[in-house]
Amino acid sequence: MDKVHRNLIGGKWVDGIGVNENRNPSLPDELIGLYARAGREELDAAVDAARAAQPAWAATTPQARADVLARTGDAILARAHEIGNLLAREEGKPLQEAIGEAHRAGQIFQFFAGEALRMTGLKIDSVRQGVEVDVTRGPLGVVGLITPWNFPIAIPAWKTAPALAAGNAVILKPADLTPGCAHVMAQILLEAGCPPGVFNLVMGSGATLGQALVDNPDVAAISFTGSERVGRQIALGCAAGLKKVQLEMGGKNPMVVMDDADLEMAVKACLNGAFYSTGQRCTASSRLIVQKGIHDAFVAALETSRGALRIGDPLEADTQIGPVVSEAQLAVNLDYVALAAREGCEVRGGERLEREGWFQRPALFIGASNDMRSSREEIFGPCASVIKVADFDEALAVANDTPFGLSSGICTTSLKHATLFRRSSTAGMVMVNLPTAGVDYHVPFGGRKASSLGQREQGPMAMDFYTAVKTAYVSAG
Ligand code: NAP
Ligand code: MG
């Protein structure tokens with residue numbers, strides 16, 4: 001346990017200015033590992049190494065980049081159980097879900113191995129005689145990636161893979177709460193033949209190290225996933241430095257349940273969307289908007305399912321809901337439960353479990369209205385408001401009446417309602433008869449309003465952020 005997991009800078013494992021204890025939220029006495037914290041000097045060294053390595057990486061063949069990414073993807077898939085086990089212990093996701101996330105990270109690397117070969121451009125005749133126009137994509141240079149704790153391998157993967165595919169060099173700063181999975185990913189990239197300096201891992205706090213990465217003039221672009229508060233700050237830093245920026249932030253995602261819904265299906269979708277992963281998904285359903293005719297039956301059935309949820313250690317096979325990620329996040333969640341009660345909701349569940357670890361019973365806030373703070377602010381815990389509405393028009397208006405716009409959903413058997421909702425929802429992702437959370441890895445991911453800024457992540461569109469377009473004019477002379 002004395003071994004310190006170090007930062008990866010210029011192909012070498014490097015100590016830092018201190019050590020971070022990575023702990024298990026189910027068993028806070030369990031130390032998972034010690035992780036070095038990088039300081040300003042280490043960050044500057046990482047940026048220098050990235051700058052030095054990037055031109056040669058950009059000049060390799062697409063095949064060479066594809067090969068590194070494919071080998072990385074293969075190795076992550078081969079080690080998905082081991083990575084999933086680490087993920088379940090450092091973040092708290094139930095083991096099967098954690099393995100699934102590791103698997104997804106492997107698939108993402110394989111997908112972007114293909115994208116490295118598909119950096120297509122345009123060739124057009126000029127409006128001028130004898131001139132040809134040629135539009136190509138190239139890398140940005142050194143890109144900084146800042147990631148949250150809730151998907152500690154998938155998010156680092158879905159930023160790193162397209163960045164490398166396009167020929168950029170990467171500095172990744174993972175969340176301090178969950179550095180373990182990113183550290184394993186760094187090892188795997190190195191073993192897969194990623195050249196020294198092309199991928200660098202710096203671990204440490206966001207306020208100091210993350211901010212320094214944003215402020216570094218040699219970093220061309222920042223891709224960030226995390227809270228709206230930090231996202232706004234990063235956007236300001238990037239504006240000051242005229243950097244390209246991509247922000248994926250929070251949500252207060254609506255799930256509409258119409259009178260014409262299949263009740264069983266709606267309960268399953270809401271139970272999953274609201275509470276799985278302990279509600280710690282940016283796409284979680286935190287506002288259940290329920291039409292009045294089905295409301296009481298829906299609430300009764302959801303209550304039965306909520307009461308039967310098995311909360312426990314993520315490594316135990318029958319656990320459905322793991323712990324809250326940290327003591328601080330648990331305190332935030334409990335404050336929101338108290339707030340919802342003060343605001344007049346009938347609160348079911350939401351209490352801390354009397355056992356070791358940061359466990360909380362999933363909560364429903366029944367009788368909520370959409371203007372309550374508990375209905376407007378992202379909690380990021382296993383809490384969902386139930387808002388009763390009269391009809392489809394009211395449901396749609398309430399669904400869209402939020403500062404956020406990441407994901408939305410509707411449970412209905414009506415083609416008309418499904419179609420109108422899909423067209424009129426102001427979210428970046430719309431689910432019909434599916435939970436608001438749970439997305440594919442090969443299609444665009446992202447939202448609108450306070451949920452996202454900049455280009456989309458994942459799928460082929462991910463390459464738009466990590467590339468610069470060049471228009472060349474050539475005269476035959
Ligand atoms: P967070 O507190 O905003 O942190 C995200 C990352 O930013 C962490 O690595 C953090 O470092 C770093 N950071 C903090 N302050 C910084 C600063 N001043 N400059 C640069 N970096 C800084 O978010 P979180 O608590 O980890 O994650 C939860 C949030 O992420 C939720 O709001 C959730 O909705 C959102 N999320 C969004 C998506 C999406 O795709 N839309 C996906 C997943 C999660 P440290 O924490 O290590 O100090
Ligand atoms: Mg945080």
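Sequential numbering from 1 along the given sequence is applied to the chain's residues. Counting convention: from 1, in listed order, for ligands and their atoms alike.
Between the choices S205, G226, G250, C282, the shortest heavy-atom distance to atom 35 (C) of ligand 1 belongs to G226. Atom 3 (O) of ligand 1 has its nearest heavy-atom neighbour, among G204, G446, S227, P152, in S227. Nearest to atom 5 (C) of ligand 1 by heavy-atom distance, out of T225, T178, V214, is T225. For atom 47 (O) of ligand 1, the nearest non-hydrogen atom from the set V325, D176, N253 belongs to D176. With atom 37 (C) of ligand 1 as the reference point, the heavy atom nearest to it among E457, M249, Q233 is part of M249.
The N/O atoms of G206, backbone and side chain alike, include one that comes under 3.5 Å of an N/O atom in ligand 1. When only interatomic distances are considered, the shortest N/O to N/O separation between T147 and ligand 1 falls below 3.5 Å. For the pair W149 and ligand 1, the shortest N or O to N or O distance falls below 3.5 Å.
Under the salt bridge (Lys or Arg N to Asp or Glu O under 4.0 Å) criterion, no residue pair touches residues 320-336, with sequence neighbours excluded.
Residues F404 and S451 come closest through the heavy atom pair CB-OG, 3.4 Å.
Counting atoms of ligand 1 from 1 in the listed order, those under 4.0 Å from a heavy atom of N150 are 43 (C), 44 (C). Listed by number with element, the atoms of ligand 1 under 4.0 angstrom from any heavy atom of V230 are 3 (O), 13 (N), 14 (C), 15 (N), 16 (C), 17 (C), 22 (C). Close approach of ligand 1 to K173 is summarised as follows: ligand atoms under 4.0 Å from at least one heavy atom of the residue are 9 (O), 11 (O), 45 (P), 47 (O). The contact set between ligand 1 and A207, taken as ligand atoms under 4.0 Å from a residue heavy atom, comprises 15 (N), 16 (C). Each of the following atoms of ligand 1 lies closer than 4.0 Å to a heavy atom of I146: 6 (C), 7 (O), 9 (O), 12 (C), 20 (C), 21 (N). Residue I155 approaches ligand 1 through these ligand atoms, each under 4.0 Å from one of its heavy atoms: 42 (C), 43 (C). Using a 4.0 Å cut-off to heavy atoms of G210, the atoms of ligand 1 that qualify are 19 (N), 20 (C), 21 (N). Distances below 4.0 Å separate heavy atoms of F445 from the following atoms of ligand 1: 39 (C), 40 (O).
Contact annotation for L406 and ligand 1: only side-chain heavy atoms (C-beta onward) come within less than 4.0 Å of the ligand. Residue contacts with ligand 1, taken as heavy atom pairs separated by less than 4.0 Å, do not involve L213 at all.
Using the six-membered ring where Trp is involved, Y35 and H5 have ring planes that are parallel, under 30° apart on the 30 and 60° scheme. Using the six-membered ring where Trp is involved, H183 and W13 have ring planes that are tilted, between 30° and 60° apart. Taking the six-membered ring for Trp and thresholds of 30 and 60 degrees, W158 and F151 have ring planes inclined between 30 and 60 degrees apart.
The shell of residues lying under 4.0 angstrom from ligand 1, judged by heavy atoms, excludes L209.
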N/O donor to acceptor pairs below 3.5 angstrom from side-chain atoms of residues 42-49, sequence neighbours left out:
residue	atom	partner	partner atom	Å
E42	OE1	G39	N	2.7

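Judged purely by distance below 3.5 Å, without hydrogens or angles, the side chains of K252 and T402 never pair a donor atom with an acceptor atom. Of the N and O atoms on the side chains of N400 and T426, at least one donor lies less than 3.5 Å from an acceptor on the other residue. Remark: the Q455 side chain and the Y466 side chain contain no N/O donor-acceptor pair separated by less than 3.5 Å.
Remark: the backbone N or O of V68 is paired with a side-chain donor or acceptor of T72 at under 3.5 angstrom. With hydrogens and angles disregarded, a donor-acceptor distance shorter than 3.5 Å links the side chain of E343 to the backbone of S374.
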The test is side chain to side chain donor-acceptor pair (under 3.5 Å); show your working for K159 and T225 and say whether it passes. CA-CA 10 Å; K159 293 188 192 298; T225 299; 2.7 Å; yes
